[in-house]
Structures are given as C-alpha cells and as structure tokens.
Amino acid sequence: MNVVVVESPAKAKTINKYLGPGYEVLASFGHVRDLPAKNGSVDPDADFRMIWEVDPKAQKRLSDIARAIKGADKLILATDPDREGEAISWHVLEALREKRALKDQRIERVVFNAITKQAVTDAMKHPREIDGALVDAYLARRALDYLVGFTLSPVLWRKLPGARSAGRVQSVALRLVTEREMEIEKFVPREYWSIAALLATPRAETFEARLVGADGKRIQRLDVGTGAEAEAFKKALETATFSVANVEAKPTKRHPPPPFTTSTLQQEASRKLGLAPAQTMRVAQRLYEGVDIGGETVGLITYMRTDGVQIADEAITAARRVIGSDYGDRYVPGAPRRYQVKAKNAQEAHEAIRPTDLARRPRQVAKYLESDQARLYELIWLRALASQMESAELERTTVDITAKVGPRVLDLRATGTVVQFDGFLTLYQEGRDDGDDDEESRRLPAMSAGEPLERKSITADQHFTEPPPRYSEASLVKRMEELGIGRPSTYAAILQVLQDRGYVRLEKRRLMAEDKGRLVIAFLESFFARYVEYDFTASLEEQLDRVSNNEVDWRALMRDFWAGFIGNVDDIKDLRIGQVLDALDTVLAPHVFPARADGGDPRQCPTCGTGRLSIKLGRFGAFVGCSNYPECRFTRQFAVNGDGDAAASGGTRVLGKDPESGLEVSLRAGRFGPYLQLGEGAEGEKPKRSSIPKGQSPSDIDLERALALLSLPRQVGKHPETGEPIMAGIGRFGPYVQHQKTYASLEAGDDVLNIGLNRAVTLIAEKALKGGRGRRGGGDPGRSLGDHPNGGAVVVKNGRYGAYVSHDGINATLPRDKAPDAITLEEALALIEERIVKGGGKRPARKAAKTAKPKAKPKAAKPKSAAKPKTAAKTKSTPSVKKAKSKKSDSPPRKAATN
C-alpha cells in the first residue's frame with residue numbers, strides 16, 4: 001500500500017479514482033503548521049530560527065496520515081507544483097517526523113500540472129525529492145512577512161490610532177491606489193475642441209474627417225482650446241471646397257494573445273465576467289481539482305497559479321486539430337505558435353492555464369458545471385484555442401483631404417480599418433480596462449487622389465481632458481505585474497486584504513482609496529519610504545526568486561533586509577504623536593485642505609473664523625479639528641470626498657423642506673462622516689438626525705431619500721411566527737433589522753429603505769442561529785460532513801426556515817432540490833464559499849483603543865453589534881496575543897447615527 005497526500009478532499013477523491021486500490025489518498029487540507037501569532041516565532045538573533053506550531057485542527061488529519069503509513073511502503077507527497085505546494089509537502093513531512101511516524105518508508109515527491117488520469121499516472125513514474133530551494137524561498141517569504149507585520153504594525157497602532165496593520169507587498173499595492181487618487185484630485189481639466197466634417201464621395205457615400213492642420217501647421221488634439229478658435233475654423237470649412245489629396249492603404253496583421261497566466265486570467269475574468277480575482281481563483285481551483293463529467297471525475301484545466309505562457313506540445317497539436325475541424329484549415333497557422341512572457345521577473349516554471357483536453361468543448365461540459373464554472377471554463381478554452389489560430393489580416397486606410405478657402409489651405413484626415421480575414425478574431429478578442437477610441441475601426445468608402453468631395457455638415461464639439469481612471473481590480477493586477485510586485489499566487493489575496501482592512505473600497509468596479517489607507521501610506525512614505533518603493537519591492541521579489549533558483553542563501557537575504565529594517569524601526573520608536581501629525585498634515589494637505597472656490601484660506605475654521613484647521617487623531621482615527629479647541633469644537637470628516645460635496649468639507653447643503661413639518665432638511669459633516677438633519681431643534685433639544693448608509697455617496701442623496709432615511713426606523717412587516725413587528729433602521733454599527741431583542745446587521749446589497757419581509761426574516765433567523773440576542777434554547781447540533789480546509793467541522797442542520805450547511809458561524813441555505821441527507825462535503829464547501837462571496841460572512845466587532853480628544857458622543861439606536869470576529873487561527877494563542885488581535889480585527893469602520 002502507498003499513501004498519497006494532497007491538499008484538498010476534492011483533489012484526493014479524484015486522484016484516488018485514478019490510482020486504484022494500491023493507493024490511499026488523504027488530504028492535508030492545506031498547511032498543517034504555521035508560525036504562532038506572537039513575538040519570537042521568527043528570531044533574527046538566532047539566525048532567523050523559526051518556531052512552527054501544528055494547527056490544532058490539523059492534528060487529527062496528521063494522525064490519520066500517520067496511521068495510514070504504518071503499514072505503507074511509500075509516502076508520496078503530491079501537493080501543488082508551486083512554492084506553496086512544496087512548502088505544504090515539507091510541513092507534512094516534518095510534522096510526521098516529529099511524531100516519529102516514519103520508519104523505513106520511502107519518501108517521494110510528485111507533481112502534475114493537470115489532474116487527469118494520464119498526468120497523474122505519468123507523475124507517479126517520475127518521483128523526486130522535496131525541492132529544498134523552493135522550501136527556502138517559502139521560508140524567506142514567510143519570515144519576511146511575519147517580521148514586517150509583527151514589527152511594523154505595532155508601530156502603526158501606537159503612532160497612528162485607527163490604523164490596522166501594514167504588509168510588505170500590500171502596502172506597496174495600496175500606494176498605487178492612493179497615488180492614483182492624488183493624481184485625480186490634482187488634475188485640472190483642460191478645454192479643447194474638435195472640428196469634424198461629414199463629407200460625401202461622388203457616389204454619395206458619406207464618411208467623417210477631422211481637422212488635423214491649417215496653414216501648413218499641424219493641429220494636435222489639444223491645440224484648439226477655445227470656442228472662438230473652433231468657431232473660426234468651422235466658418236472657414238463651411239465655405240471651403242474639398243478634395244482627396246492622398247489615399248494610403250497599408251496591410252497589417254493582428255496576432256492572437258498568448259494563453260492565460262494567473263494575472264491575465266484574473267484581468268479578463270474581471271473585465272468580461274465581472275468576477276473578483278479571489279472569486280476567479282476559487283472557481284479555477286475547482287475546475288483544476290476535478291468535476292464529475294458524466295460519471296467520470298476529471299480536472300478540466302491545468303494548474304492555475306503560473307506566470308508561464310507556453311503550453312505542452314500535445315496541447316498545441318490538439319488545439320490545431322480542433323481549429324481545423326471547427327473553423328477550417330485557413331485558420332490553422334503554418335507553424336505552431338510559441339510564446340515568451342514579457343512580465344518583469346517572470347519565472348515561467350509552469351505551463352499557461354489551458355483546458356486539459358481542448359476537444360472537450362464548453363457547450364459539451366456546461367451542463368455539468370455551475371454557472372461561474374461554465375463561464376470561466378469557456379473563457380479559458382477560447383483563449384487557449386485562439387492563441388494557436390492564424391493572425392487576423394487587416395487593411396488600415398488613411399485618407400488625407402484638402403479644404404481650400406481662397407488662398408488658405410486646411411487639412412483633414414479620415415482613418416479606417418477593414419478586416420480582410422478575421423483569423424483568431426472569429427473566436428476571441430481581448431478585453432480592455434478603459435474605452436479606447438474606435439475611430440479606426442470604421443470602414444471608409446473607396447476614394448482616389450484628386451477626387452472632389454461634397455460637404456454635408458461641419459461640427460465643432462467641446463471637450464475637456466479627463467483625469468486618469470481609478471484602478472479596477474484587473475488594471476491594478478496588471479500594473480503590479482508590470483512593476484514586478486507580488487507573484488501569481490498573491491494578487492487575489494493582496495486585493496482582498498486591502499478591502500478587508502478598510503484601506504480601499506470597491507465602488508462601481510473601481511478601487512477607491514479610503515482615508516484610513518491614505519493615512520497609512522502617508523505615514524509609511526514619511527518614515528519608511530524605502531519599504532514602499534516600487535523598485536525596492538520588485539528587487540526583493542527578484543532576490544526571493546533567486547533563492548528559489550538556489551542562487552542566493554535565504555538567511556543571507558534575511559540578514560541584509562533585517563539590518564536596515566530594524567534600524568529604521570528603532571529610529572522612530574521615540575517619535576512623538578505631534579511629529580507624526582506634522583508630517584501627515586504636510587503630506588496630506590492637498591487632499592485634506594484643497595483650494596477653496598472663493599480663493600479663501602482652506603485652513604480657516606468655518607465656525608470661529610480665527611482658528612486654524614489641522615489633522616488630529618482620535619479614538620476613531622483621523623479627523624480635522626480647530627486649533628481653538630476646546631473653545632471651538634468644530635470637527636469634520638478627515639477629507640473632502642471625491643465629488644467635492646459641501647457636507648464632506650465641513651459645510652452644509654440644504655436639500656429642501658419637509659412637507660409635513662416645514663423644517664429644513666440638510667446634509668452636514670460630522671466626526672463620523674456625512675449625516676442628515678431635520679431642522680435646528682428646539683431649545684434644549686437635539687434635532688432629528690440620520691447617518692448615511694455605508695457605500696452611499698452624499699452627492700446621491702436627494703430630498704426624497706433624505707426624508708426616507710430621517711423617517712427610520714420603519715416597520716418592514718410582522719414576523720410570520722410571532723406576529724411581532726420587524727423594524728429596519730440605522731444604528732451605531734450601520735443598517736439593521738430588529739425582531740424583539742434580536743438585531744441583525746444588513747449585508748452587502750441590502751437597502752435599509754427597501755428590504756422586504758422575507759429577507760428580513762432570513763437575516764434574523766441566521767443571527768439567532770449564530771447566537772444573537774434573543775436566542776432561546778439550543779439549536780439542532782447537525783450532522784458533520786467532514787472538516788473544512790481551514791479547519792473545523794462542516795455540518796448540515798435543520799433550521800426553522802429549512803435545511804442549511806454551516807461552518808464557523810457562516811450558514812448557507814440548501815437548494816430546494818437537495819435533501820439534507822444527500823448533501824456532500826464538496827457541495828457544502830461550494831455553498832459556503834458562494835455565501836462568503838455574496839457577503840454572508842460574519843461581520844467582526846471592533847474594539848476601540850484609547851485615543852486623544854476631542855470626543856464625540858453620538859446618540860443612536862443601539863442594535864447589538866454584529867457577531868464576533870471570525871478567526872481562522874492555526875496556532876495556540878496566549879491571552880496577550882488575543883488582545884493584540886482585537887486591535888487589528890478586520891471590522892468595518894464604526895458608524896454613528898448622529899453628529
């Protein structure tokens with residue numbers, strides 16, 4: 001008997017079918033050991049000795065593996081073919097040695113790029129030893145990330161209240177987002193005009209040409225800067241005679257893009273399918289590990305963490321065969337295409353991402369797949385097949401036109417492109433992040449030099465230059481790859497961490513820097529500039545790659561890094577908060593105190609008129625306060641929001657009057673962000689107020705919505721079991737629904753003004769099952785389906801509103817056609833993952849730290865805060881460690897219902 005160890009139960013189930021009765025395949029469920037989350041787990045003074053601790057949830061899995069190998073001939077480690085996979089195999093082996101579970105069994109390491117019967121059986125014939133260089137690269141990265149996190153994050157907590165933590169690569173990615181935000185804020189639009197003529201050939205075929213020159217001088221895009229200039233050109237063209245000066249047609253080719261790498265897959269899935277990088281990787285993982293296709297479990301794609309663009313010869317042969325069969329020999333190039341990656345620091349250690357069998361067409365497998373799986377598989381199949389197709393043949397035509405007005409000559413130009421042979425374009429066209437001018441895609445009528453043209457109309461259009469677009473998840477991944485920041489396996493995690501920490505938010509599929517993130521970057525650029533430099537981070541990634549190639553000793557790399565880093569940390573340990581504020585005030589001044597439209601001093605206090613505004617730090621992070629505090633208690637949100645709303649910059653915007661009371665409804669700025677207010681309040685009484693739900697832009701608030709928010713809480717309906725009312729409102733922790741003593745926070749996509757009774761009942765039931773206020777008695781203990789990859793049991797339970805699966809407080813309702821006794825672990829894991837993607841995870845509570853004045857005392861409805869933070873800790877934690885963790889809990893910013 002041979003024992004095979006892989007990461008996941010799905011992978012184990014597939015491989016077990018391929019290998020047969022002589023093998024027992026067990027899953028480690030990912031890493032089995034990690035560094036304890038406490039100081040000293042990596043000791044620089046002991047040459048970076050690392051203390052590993054077995055995850056308590058992994059003990060049972062290791063015991064199962066140890067029992068299985070007692071009578072085995074071989075232990076075969078078959079984890080993924082990358083650095084993390086190598087590390088998992090190494091950890092399993094080391095843990096088994098510590099248990100003294102190994103006797104004289106042979107230890108083999110096998111890797112396969114695809115989970116197919118042929119790939120797995122071939123891999124078993126070519127075993128090797130664990131790659132020590134890859135393990136060293138893993139150790140170096142793990143030690144670096146640990147030391148940066150556990151050294152720099154406490155400095156942030158002490159010097160910058162409200163900050164969460166700082167990661168080695170995440171901070172550099174955050175810098176990209178914040179710098180783009182600064183570019184947008186500093187951008188000054190510039191007016192320009194375009195002049196176009198609609199012309200007709202003698203055959204009455206019309207086309208459009210643009211003004212490109214006048215009086216022998218070339219006119220660039222921004223050269224016509226005023227309406228007067230544009231009108232002068234327009235009048236001249238309206239009396240001109242037009243003729244064709246020159247026609248130039250150039251044949252050109254457009255070549256297909258290479259097959260997907262991890263980065264390009266995430267980018268295209270974001271553009272074309274609307275999937276976040278993390279979601280793309282989850283779906284790709286399931287396609288890789290195996291899907292039941294007509295009774296046979298098979299991996300549909302090759303390994304999905306790669307920066308290589310080459311594919312195996314047999315895959316190229318299969319692609320050419322499918323192209324010839326489906327599209328004809330004209331679409332098969334004369335020679336197979338070979339690609340080389342252009343990305344900085346690419347290792348090309350694995351094949352590109354492709355279908356394991358290109359003859360398995362998307363329409364044939366779609367019925368066996370979930371929606372996202374089918375869409376992603378089709379995208380991968382199309383890209384891989386197109387990469388081996390013939391180039392598209394185009395003809396790009398440029399027509400130069402002369403317009404004569406007496407002795408004056410004006411020049412116009414028309415361009416167009418005609419597809420002579422579509423080639424790979426018949427199957428696939430690469431997406432773009434931002435709209436491009438499609439002028440050249442137009443087809444022009446046939447013309448010849450000297451031919452007269454008839455003027456149909458002349459137009460002059462005003463334009464304004466636009467700032468650079470904010471990064472989408474796709475374009476940020478692309479930029480990180482260009483700079484050599486991060487690696488294929490880290491892009492999705494980096495983006496997720498930035499959002500989880502509240503440093504950026506995703507709005508209309510664009511990443512926007514939050515004030516908290518800008519503060520962190522301003523601090524790091526002021527006091528740790530070297531460690532957020534793009535070149536330094538890329539250089540460090542390159543050195544880590546050299547470790548994996550066995551060119552550099554990992555401890556030598558760590559010694560070089562640590563000497564400079566700890567010296568920098570020691571230099572600022574005694575830094576006073578006042579010095580930090582001075583630095584932040586200088587760096588962030590253009591963002592926090594932009595120029596006023598009236599030319600006045602942007603730092604002048606609008607309340608007392610004599611105080612100076614500056615950045616201050618309080619228990620909830622940064623805000624703007626007056627220098628005359630406590631005599632003047634003016635405070636406002638940290639910065640003016642992107643749309644320049646008056647309420648966000650310390651002013652008041654009147655929305656109108658309440659038709660019932662006649663009182664004025666206004667949008668104002670408070671310590672905790674913009675809020676709404678009804679009237680000014682009678683003497684000794686506070687006026688009615690309401691905070692604005694998270695994700696709602698103040699600029700989108702009109703009188704109707706403001707009145708609806710001020711009318712909260714509202715009755716959603718009556719509970720179907722108790723007959724008691726269910727209320728919806730906004731409290732200290734954001735929007736909620738309430739039934740009796742149970743409060744449940746609304747999730748992403750829920751609107752406090754429109755949430756219906758069914759949804760409200762579901763949220764309240766889920767909160768009760770998680771142990772929310774008002775829960776009475778015990779619930780169904782459920783039936784265990786097995787262990788989750790992150791540890792802990794996955795159970796199926798019967799609830800008051802139907803059956804559901806649960807893991808660590810996350811519940812997912814079973815589909816109507818799935819009986820509780822028929823659900824499998826793999827199906828349960830998929831439902832839980834889908835629930836998390838839709839925002840169904842627990843919302844961690846926040847523990848506020850002691851901070852400086854001034855203090856605000858918001859009054860609001862007090863729904864119980866959301867559930868306690870979900871932790872997937874893999875180590876034993878001391879009480880002091882748990883306290884530290886609460887400071888950096890991934891909780892949403894605390895919201896107040898009043899100013």
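Rounded to the nearest 0.5 Å, atoms OH (Tyr503) and CG (Leu498) are 9.0 Å apart. To the nearest 0.5 Å, atom CG of residue Leu709 and atom CD1 of residue Ile701 are 5.5 Å apart.
Contact check for Arg596 versus Gln604: side-chain heavy atoms found under the 4.5 Å cut-off. The side-chain heavy atoms of Leu676 and Ser666, taken from C-beta on, include no pair separated by under 4.5 Å.
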Pair Gln499-Leu506, side-chain contact (heavy atoms from CB on, under 4.5 Å): steps then yes or no: CA-CA 8 Å; Gln499 293 178 64; Leu506 193 63; 3.8 Å; yes
For Arg518 and Glu514, run side-chain contact (heavy atoms from CB on, under 4.5 Å): C-alpha distance rounded to whole Å, both residues' side-chain angles, the deciding distance at 0.1 Å, then the answer. CA-CA 6 Å; Arg518 299 184 72 144; Glu514 296 279 25; over 6 Å; no
Which is it for Phe464 and Glu466 under the side-chain contact (heavy atoms from CB on, under 4.5 Å) test, yes or no, and what are the steps along the way? CA-CA 6 Å; Phe464 291 92; Glu466 296 183 352; over 6 Å; no
Show, in sequence, the C-alpha distance, side-chain angles and deciding distance for Asp751 and Arg705, and conclude whether the salt bridge (charged side-chain N to carboxylate O under 4.0 Å, His left out) test is met. CA-CA 12 Å; Asp751 186 341; Arg705 188 166 183 84; 3.4 Å; yes
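Around the CD atom of Gln715, the shell of radius 6.0 Å holds more than 12 heavy atoms that belong to other residues, nucleotides or ligands. Environment of CD in Glu660: sparse, with no more than 12 heavy atoms of neighbouring residues, nucleotides or ligands closer than 6.0 Å. Atom CG of Asp601 sits in a crowded spot, with more than 12 heavy atoms from other residues, nucleotides or ligands closer than 6.0 Å.
Counting only N and O atoms by type, the side chains of Glu185 and His591 include a donor and acceptor under 3.5 Å apart. Between the side chains of Gln170 and Gln496, no donor N or O sits under 3.5 Å from an acceptor N or O.
Using modelled atom types, one side-chain atom of Arg714 and one backbone atom of Val752 make a donor-acceptor pair closer than 3.5 Å. Side-chain atoms of Lys688 come within 3.5 Å of backbone atoms of Leu710 as a donor-acceptor pair (strictly under, hydrogens ignored). Between the side chain of Arg175 and the backbone N or O of Val532, at least one donor-acceptor pair lies under 3.5 Å. Between the Lys767 side chain and the Tyr743 main chain, a donor and an acceptor come within less than 3.5 Å of each other.
Between Arg612 and Asp585 there is no salt bridge, since none of the side-chain N atoms of the basic residue sits less than 4.0 Å from a carboxylate O of the acidic one. We find that Arg576 and Asp582 are not joined by a salt bridge, their nearest charged nitrogen and carboxylate oxygen being 4.0 Å or further apart. A salt bridge links Glu766 with Arg835: the closest approach of a Lys/Arg side-chain nitrogen to an acidic carboxylate oxygen falls below 4.0 angstrom. The residues Glu181 and Arg470 are annotated as salt-bridged, a charged nitrogen and a carboxylate oxygen being separated by less than 4.0 angstrom.
Considering Leu763, Val761, Thr742 as possible partners of Ile726, the one that fulfils the side chain to side chain contact (heavy atoms under 4.5 Å, CB included) test is Val761.
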